[in-house]
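Here the structure comes first, spelled out in structure tokens, and everything after it is commentary.
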Amino acid sequence: MKFFTDIWRSIFRGESLSTDKGKSELVFLNVWLHIHPAKVKKEHMRFKHTFYLGFITFFLFVILVTTGIALMCYYRPSTSQAYQDMKDLQFVVFLGPYLRAMHRWAAHGMVVCVFLHMCRVFYTGSYKRPRQFNWVVGVLLLLLTLGLSFTGYLLPWDQLAFWAITVGTNIGSYAPLVGGQLRELLLGGHSVGEGALLRFYVLHVAVLPSIVILLTIVHFWRVRKDGGLSRPIWKLKGRQPEQELVTIGAPAQPALRATAVSTSKTYGLMEVVTGKPIFETIAPDEEDDAVFAHPYAFFREAIALMATVTTIMATSLFFRAPLEELANPAKTPNPAKAPWYFLGLQELVSHSAFIGGVVAPALMVVALLAIPYFDRNPSRRPSDRKWAIGLFTVFVAANIALIIVGTFFRGPGWAFVPPWVHVVTGAE
Amino acid sequence: MATLFSGVSVSLGAVVRYLVPSVYYEPPQSFKIGNPADFAYGAPSFLAEEKIFVFRDREKGFAVASAVCTHLGCTVAHFQSDQKFHCPCHGSVFAADGSVQHGPAPKPLQWFEVTMARDGQLRVDKEKAVPSSYRLMV
Amino acid sequence: MKNRLPQIFFLLSFISLILLLWAIRQASTPSWKSYQRAFLQLEAQGEPNAAAKAAVLSTPLHIHQVMLTGLQRVDRCTTCHLGVDDPTMKNAPEPFRYHQGLGPHIASKFGCTICHGGQGLATTKGDAHGNVQFWDKPLLAREYIRASCGRCHKEGEVPGVPELTAGRHLFETQGCRGCHKLNGVGGSIGPDLSEEGASRRSPEWLERHFLAPNQVSAGSAMPNYHFSREQARDLTYYMLSLTSEDMGSYYSSVRLIPSAEYGRELFTQKNCIVCHSVGGAGAKAAPDLLGVTQRHSSEWLDEQLVNPQYVYPGSTMPEYDLETNARKALIAYMGTATSDDAQAILSHHTRPVSPGDVSIEAGKEEFARVGCAGCHGRELEGGLPNPNAQGGQVPSLLHISDDYTKDEILAIVRNGRAPPLENAKGPTPPLYMPAWKNVLSEEDIHQVVDFLWSRQQKAKDSW
């Protein structure tokens with residue numbers, strides 16, 4: 001028996017989780033979990049502050065990677081095979097339709113959640129110093145998420161896929177100077193065909209996920225180093241915003257009270273410091289507010305994970321992913337619509353290709369990236385940021401409105417047709 | 001704990017079942033080879049695509065042998081002169097009943113079940129191995 | 001709330017486990033399995049003893065698939081339609097009934113969808129029968145199934161489907177090519193019909209369209225040809241057969257049905273009578289062919305057709321590039337050819353004609369072949385309505401020599417012409433004269449105009 005216990009102990013080296021030491025060891029001895037602090041303050045895990053949207057987005061990504069790898073066993077990225085493989089997944093493969101549905105709804109969910117997460121980060125002012133660059137990384141992750149969704153959209157090779165990507169890449173080709181060439185590079189040809197399918201596949205399963213993973217690592221690391229998960233500092237009792245702790249590069253602040261050395265606490269030497277605290281530490285008098293990551297944080301994360309998984313599983317049971325006819329370059333559906341997250345752009349493009357296809361998206365991206373550097377207001381309290389919140393809300397509402405118009409109010413010929421009016425389409 | 005265990009095992013089971021193909025994009029393992037009248041007595045008929053020999057004996061009936069050498073998978077040839085199967089790759093020789101005479105082959109040639117289908121054609125099932133003495137009397 | 005966390009986590013995990021089990025159950029109980037179980041019950045009933053019954057009932061359930069690489073499709077219909085090749089299931093209820101009358105078209109070589117339509121990749125009834133959104137080839141209705149024969153058997157007669165030959169004949173003689181292209185030849189006023197059988201249009205739509213084009217296709221310039229119901233059906237059959245089946249070599253080689261009638265067609269087409277005779281009628285340069293099938297085996301005759309030099313080194317018989325079944329057809333005809341036959345072919349072939357007549361005859365054939373009659377009428381009478389064209393209709397060609405020189409007409413045929421407008425501000429007339437210089441050779445164009453000139457009715461002669 002001792003033999004087996006020895007084997008177990010050689011793998012799991014921390015002591016029992018019932019002791020404080022054991023709980024800490026679970027975190028800092030474990031390669032997968034040591035991104036967490038061993039102890040967290042409860043204010044960092046408030047559901048009503050963050051809605052755990054970052055976690056949910058990440059868990060959706062995990063679901064997408066696992067279902068995606070499973071689907072790769074039955075999918076061939078060739079124009080002569082792809083559609084048949086989709087039919088095989090639908091009719092022949094065990095759990096095929098279910099896995100495909102999970103993949104599709106998780107993808108839509110991730111686009112929605114990454115957008116909501118961005119809104120949340122803005123509304124709570126969590127992008128302000130010292131977290132500016134993490135916001136930039138986040139915007140990059142948003143663009144990559146849209147890219148992943150876009151590249152994946154083509155893979156079923158049905159009419160929906162083919163024409164959505166034709167429209168989408170044509171919008172992109174309006175970019176000045178390089179638009180046309182970029183489009184050809186992306187498509188591996190002059191139009192959507194064999195080359196496009198293969199390149200989109202490579203982007204979708206290898207290139208973009210790798211970049212997302214790398215940037216996610218940076219994103220999580222930065223959260224830790226910048227002071228932990230976002231908390232509503234203006235609401236916490238006895239705290240003034242000015243008492244937010246400092247980080248690298250900040251002008252000199254009054255040093256914290258020197259910490260008393262305790263004889264009952266084990267200190268690990270993490271870093272050589274020059275007398276100023278480099279990142280957030282838990283001062284001894286605040287130690288009572290801090291709880292161990294296990295189980296406080298981990299259970300909450302686990303619940304977020306299970307809630308995400310359960311929602312996706314339930315949705316997939318009741319709603320199957322659509323599959324239209326085989327892609328037919330000779331037959332354009334009327335109207336031909338880009339994926340829903342680009343419909344706002346397509347709506348703009350229908351008014352002016354240059355404004356809608358080039359200027360508007362470029363401005364939006366640049367504006368988003370610039371937010372933390374232009375925002376000089378150090379306060380995160382909502383009442384101090386009325387203009388910022390107002391402007392951002394207008395931006396969000398405009399985007400949503402454009403997408404709603406593009407989705408529901410545009411019929412054949414891109415004519416404005418309210419959805420409650422019955423549209424009679426032509427014969428055949 | 002029980003939920004965790006059952007959840008993990010159900011998931012693993014589902015994953016394995018998912019990965020097992022439900023259809024194979026290959027020629028089927030069970031197929032029809034034609035009417036009994038199409039096959040001559042004496043020398044066996046060799047069906048190249050299906051890689052089988054079809055023997056027809058006046059007294060005893062039909063037998064179907066695999067033409068795939070059990071050593072490394074080359075297609076064996078049947079010689080009328082000595083009624084034996086010779087493999088061109090590494091020289092394995094199988095006797096008339098499929099047993100290994102000499103050469104590197106580790107196992108005898110397989111014999112497959114042949115039955116009469118309801119439309120009067122012969123059906124061979126490569127997934128059903130039968131002893132070398134098996135015959136289908138027609 | 002906080003100390004309820006483990007319970008919430010447990011509850012969510014439990015729910016997701018239930019959802020997983022539900023999904024697994026759904027995936028494990030597809031409808032085809034119950035069909036297969038029912039079929040095995042039926043089969044077991046026919047077994048003589050309990051052991052045999054048990055053996056049948058224990059057959060594992062699996063999806064049956066026919067891979068047709070030559071036809072580039074995969075059919076899974078036999079997953080439920082398990083009795084199609086089992087004669088003992090003649091009276092079984094559907095979907096287990098035996099398929100009568102297949103002949104050489106067995107399921108393992110041809111699948112099902114090539115004739116019946118439907119979605120071969122599907123394994124559920126509704127999807128497989130194709131009456132679903134996003135599948136535009138549903139099962140063909142019973143009265144139209146025989147039209148599918150024409151998808152492969154595109155030449156010659158098809159036994160049992162006279163509609164195809166009748167439809168093809170109607171198409172060639174009614175001048176449809178004047179407005180519609182078929183396999184590259186024809187006009188561009190109406191849609192290209194080369195793939196009409198593969199379009200979304202249902203057989204019922206096609207038939208209604210032939211009977212009354214404007215009622216079915218609003219604003220169409222296609223006139224009403226007043227076809228009878230039978231003619232409309234024949235044309236529909238022909239339309240349904242117009243697909244471009246991409247067939248492997250096996251299917252191409254057996255495409256033609258080797259009938260003696262088709263052999264006669266080939267004999268005439270290839271001008272065998274120019275060298276050979278049959279029972280004395282014909283040329284003397286090569287052997288007489290009467291009774292040749294009795295003197296030589298079909299294999300010998302086949303070799304002769306494939307490689308004449310091999311059989312008679314130094315022979316001047318050309319190598320005709322004929323497919324397997326075309327050769328079989330010729331040989332079949334050889335078995336029935338008589339000297340009367342040859343005489344008939346001869347009389348058709350060597351009519352005493354002057355050089356001018358040759359041109360006019362050729363022009364008449366071209367006129368019919370490329371469909372001029374479709375607009376200008378079979379008797380050149382014109383009269384088809386053409387709104388806002390001067391005169392309001394397609395002109396007659398019987399009096400063009402009054403207003404045009406031959407060169408002017410040649411130019412019009414070569415380059416086409418938009419009709420002059422009645423009202424300059426009005427809409428463009430739907431019918432116009434297409435340019436034929438890219439379809440017809442210069443010689444062909446001259447021949448057509450020669451034909452037209454031979455039909456001119458002089459005004460002063462008209463009484």
For [X] and [Y], which heavy atoms make the closest approach, and how far apart are they?
X	Y	answer
A/Phe299	C/Pro6	CE2-CA, 3.7 Å
C/Gln36	C/Thr79	NE2-O, 3.1 Å
A/Tyr52	A/Met45	OH-O, 2.8 Å

Pick whichever of A/Asp88, A/Leu95, A/Ile312, A/Leu317 has the most heavy-atom pairs under 4.5 Å with chain C. A/Leu317
Count the heavy-atom pairs under 4.5 Å between each of A/Gln90, A/Glu324, A/Gln159 and chain C, then report the option with the highest count. A/Glu324
Check each atom of [X] against the heavy atoms of chain A and say whether the ones under 4.5 Å are side chain, backbone, both or neither.
X	result
C/Gln26	side chain
C/Leu121	both
C/Leu11	neither
C/Leu20	both
C/Gln72	neither

What part of [X] gets within 4.5 angstrom of chain C, counting heavy atoms only: side chain, backbone, both, or neither?
X	value
A/Leu326	neither
A/Val93	neither
A/Phe318	side chain
A/Gln84	both

What option among C/Ala128, C/Ala122, C/Ser202 has the most heavy-atom pairs under 4.5 Å with chain A? C/Ala122
A/Trp157 side-chain N/O to A/Leu197 backbone N/O, donor-acceptor pair under 3.5 Å: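 It does not hold such a pair.
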Any chance the side chains of A/His36 and A/Glu301 put a donor and an acceptor closer than 3.5 Å? yes
Cut-off 3.5 Å, side chains only: do A/His103 and A/Thr67 have a donor facing an acceptor?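 The answer is yes; a qualifying pair exists.
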Should the pair C/Arg233 and C/Tyr237 be classed as cation-pi, given the thresholds of under 6.0 Å to the six-membered ring centre and 45° from the axis?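 No.
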Whether C/Arg73 engages the ring of C/Phe110 as a cation-pi pair (distance to the six-membered ring centre under 6.0 angstrom, angle to the ring normal within 45°) should be assessed. no
